[in-house]
S.K.: 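Take this structure first; my questions come after.
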Amino acid sequence: MNIIVCIKQVPEVTDADLEITSDGTDIDKEDLEMVINEWDNYAVEEAVRIKEAQGGKVTVVTLGDEDSEDVLRRALAMGADAAVLIDEEGFEGSDAAGIARGLLRVVEEMEFDLVLTGAQSSDDNWAQVGLLMAEWLGLPFASLAVKVEPKGETVVVHRELEANTLEEVELPLPAAVTIQTGINEPRYVSIMGIRKVRNIQIEEVSAGDLGLEASQIGKQGSSIEKIRLSLPEEGEGAEILTGTMEEICEKAAQVIKERGGVA
Amino acid sequence: MNDILVVAEHRKGELRDITFEMLALAKRLAREQGGAVTTVLLGEEILALQEELSSLTDKILVVEDPLLGNYNADPYLVVLKELISRDTPYITLLGHTAMGMDLAPPLSARTGIPLVTDCIDVMIEESHLSVQRQVYGGKVNAHLQLKPAEQYILTIRPGSFTYQEEWDSSATVTKLPAPSWDALRGRRFIGYLEPEAEDVDISEADILVSIGRGIGKPENIAVAEAFAEAIGATLSCSRPVADKGWLPKSRQVGTSGKTVRPKVYIALGISGAFQHQAGMKNSGTIIAVNKDPKAPIFKVAHYGIVADLFQVLPVLTEKFKKQ
């Protein structure tokens, strides 16, 4: 079973104080820690588990700057066998379709039984790339998988729906599946583990190598004319309790007693 | 064409809320544009759904076939591609739901029509289509102006629009034959899976103490449990806690878990992704504890405590033990 996993590096924004860049089109990432997109981490783990059970090869692909090598090394340390880095030059300002076109050109040249991606990424939140690729590759697909079970010529997928409901579907292989969080328990990656894979050569390719023209990717290829980011206004929403911890908890306790009917 | 096409979403014989929410948006957009609202209803034995929609849209297009009985992207895509090419609606709306998220990107790729996902508002400004969405875990708002195009596909975040009120007129219904299924790719719907047996039903609780990523590690859950016990609350959680298996899925509040409306909902270390908010925002009183003053949970909470939950809980628990 040969599996390709498309992954992405994203800034960790939980607990971070975000600022918008002066042109208003992005957040300032200077001081943010860059990590693997959470959905993609589950996708890598799923691919490695299938390989461990059934044999084959796992290849990870990302599109990003040179620092994105970190997420590829991390995936190699988890058990992936090969890695491809698509240089983001020319892709800046791409919409989801622009990114998917870059990944597609790499994926369509490889032999595979399954293409996995995270169901979405935590930064742009498009939830499009894996399925756009699936369609362009002419593959059967299923999204939001919380179980992926290849059985010979087919793969059984459990899709997560709303309200604690799942749906079971079957796809003939080769197929594309997008992975939802919680599908497995991704293994811990140690610094030693990453050191062990430092000699694995990462294949690097550019937009030019892939035969992509400026009109297909980047701002030119995007369906978006202008983007304007803003931070939610402060002061909306909750009444923030203030004072010493003792005072804050006293107020909170009052609310719980009154509203919750706690004696 | 200035028409708006809504792809109706239904499951197990019932229209889903997102369908009515999209119709509310579609009506507004169609009126601004001088177009009509067409609702596409795909399924098998769906007369009841068709009647329910009849006072909420200008036109209904119905395609019935056994293959369309339960949602399956494979036949759905064939039908929708054909309808969109035939009727050329200006905007096609799908839910940003397990169905619409599955369907919209391939539909965009197959038709070549640009797609914007997870929209919370849609505006037509100076003949440009603009949308509002959220990025970076709901911490940043994004206003996008789209390049001119003949047609667009948008997915709409559940809960962004309020229910459609009934129209004066009733819709014209057109039944179309199912297309040829030659080009299917072999995806097979097998069935829905029932949730596992539950120890408690969190939607029945008067007070919920709900833990999120901020709980840090499973050993820390005992602190929240002690607090819940002291106030007679039930323990629930947000997605990351269930994903890691620290609490069973049956305790998860949110779109893919349970929708709850307790008298008091206490969110501990929960950032408040929209999927979580959708499951708890109608609670009587919401108290949120989070280190991050910018956490989206504070937008829906009534009371907020900006602090480390492990500093808050011992003091707060003590307030109840003394009695």
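Just so it is clear, the structure is predicted and the values come from calculations on it, not from any experiment. Letters A, B, ... mirror the listed sequences (proteins, then strands); counts begin at 1. Values below: every heavy atom of this structure, side chains too, minus hydrogens, waters and symmetry copies.
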S.K.: Examine the side chains of Thr117(B) and Gln128(A) and answer whether a donor and an acceptor come within less than 3.5 Å of each other.
M.R.: yes

S.K.: Pick out which of Leu229(A), Ile27(A), Asp123(A) makes a side chain to side chain contact (heavy atoms under 4.5 Å, CB included) with Val135(B).
M.R.: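 The passing option is Leu229(A).
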
S.K.: Given heavy-atom pairs under 4.5 angstrom as the criterion, report whether the side chain, backbone, both or neither of Leu139(A) touches chain B.
M.R.: backbone

S.K.: Please answer whether the main-chain N or O of Leu231(A) pairs with a side-chain N or O of Lys294(B) as donor and acceptor at a distance below 3.5 Å.
M.R.: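 Looks like no, no N/O pair under 3.5 Å.
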
S.K.: Between the side chains of Glu135(A) and Arg110(B), is the shortest nitrogen-to-carboxylate-oxygen separation below 4.0 Å, so that they form an ion pair?
M.R.: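 Yes, this pair counts.
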
S.K.: Between atom OG of Ser230(A) and atom CG of Asn141(B), what is the distance when rounded to the nearest 0.5 Å?
M.R.: 4.5 Å

S.K.: Return the CZ to CD distance between Phe298(B) and Glu239(A), rounded to the nearest 0.5 Å.
M.R.: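 Reported to 0.5 Å precision, the distance equals 12.5 Å.
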
S.K.: Could you tell me whether Glu170(A) and Arg187(B) have a side-chain N and a carboxylate O separated by less than 4.0 Å?
M.R.: no

S.K.: Counting N and O atoms only, with roles assigned by atom type, does the side chain of Arg239(B) sit under 3.5 Å from a partner on the main chain of Thr181(A), one being a donor and the other an acceptor?
M.R.: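 Flag set: sc Arg239(B) to bb Thr181(A) pair under 3.5 Å.
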
S.K.: To the nearest 0.5 Å, tell me how far Ser256(B) OG sits from Asn164(A) CG.
M.R.: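 It comes to 7.5 Å.
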
S.K.: Among residues at least two apart in sequence or on other chains, which ones pass ring-ring contact (aromatic ring centres under 6.0 Å, His included) with Phe310(B)?
M.R.: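 Result, ring-ring contact (aromatic ring centres under 6.0 Å, His included) vs Phe310(B): none returned.
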
S.K.: Quick check: does any side chain N or O of Lys139(B) sit under 3.5 Å from a backbone N or O of Ala16(A), one acting as donor and the other as acceptor?
M.R.: yes

S.K.: Which pairs of donor and acceptor atoms, one on a side chain in residues 33-49 of chain A, lie under 3.5 Å apart (sequence neighbours left out)?
M.R.:
residue: Asn37(A); atom: OD1; partner: Ser122(A); partner atom: N; Å: 3.0
residue: Asn37(A); atom: ND2; partner: Asp40(A); partner atom: OD1; Å: 3.1
residue: Asn37(A); atom: ND2; partner: Asp40(A); partner atom: OD2; Å: 3.3
residue: Asn37(A); atom: ND2; partner: Gln120(A); partner atom: O; Å: 2.8
residue: Glu38(A); atom: OE1; partner: Arg213(B); partner atom: NH2; Å: 3.2
residue: Trp39(A); atom: NE1; partner: Gln180(A); partner atom: OE1; Å: 2.8
residue: Asp40(A); atom: OD1; partner: Gly118(A); partner atom: N; Å: 3.2
residue: Asp40(A); atom: OD2; partner: Lys8(A); partner atom: N; Å: 2.8
residue: Asn41(A); atom: OD1; partner: Arg74(A); partner atom: NH1; Å: 2.8
residue: Glu45(A); atom: OE1; partner: Arg187(A); partner atom: N; Å: 2.9
residue: Glu45(A); atom: OE1; partner: Arg187(A); partner atom: NE; Å: 2.9
residue: Glu45(A); atom: OE2; partner: Arg49(A); partner atom: NE; Å: 2.7
residue: Glu45(A); atom: OE2; partner: Arg49(A); partner atom: NH2; Å: 3.4
residue: Glu45(A); atom: OE2; partner: Arg187(A); partner atom: NE; Å: 3.3
residue: Glu45(A); atom: OE2; partner: Arg187(A); partner atom: NH2; Å: 2.9
residue: Glu46(A); atom: OE1; partner: Asn184(A); partner atom: ND2; Å: 2.9
residue: Arg49(A); atom: NH2; partner: Glu185(A); partner atom: O; Å: 2.8

S.K.: Between the side chains of Glu160(A) and Lys249(B), is the shortest nitrogen-to-carboxylate-oxygen separation below 4.0 Å, so that they form an ion pair?
M.R.: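 Salt bridge flag = yes for Glu160(A) with Lys249(B).
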
S.K.: Considering only NZ, NE, NH1 and NH2 on the basic side and carboxylate oxygens on the acidic side, decide whether Lys263(B) and Glu258(A) come within less than 4.0 Å.
M.R.: no

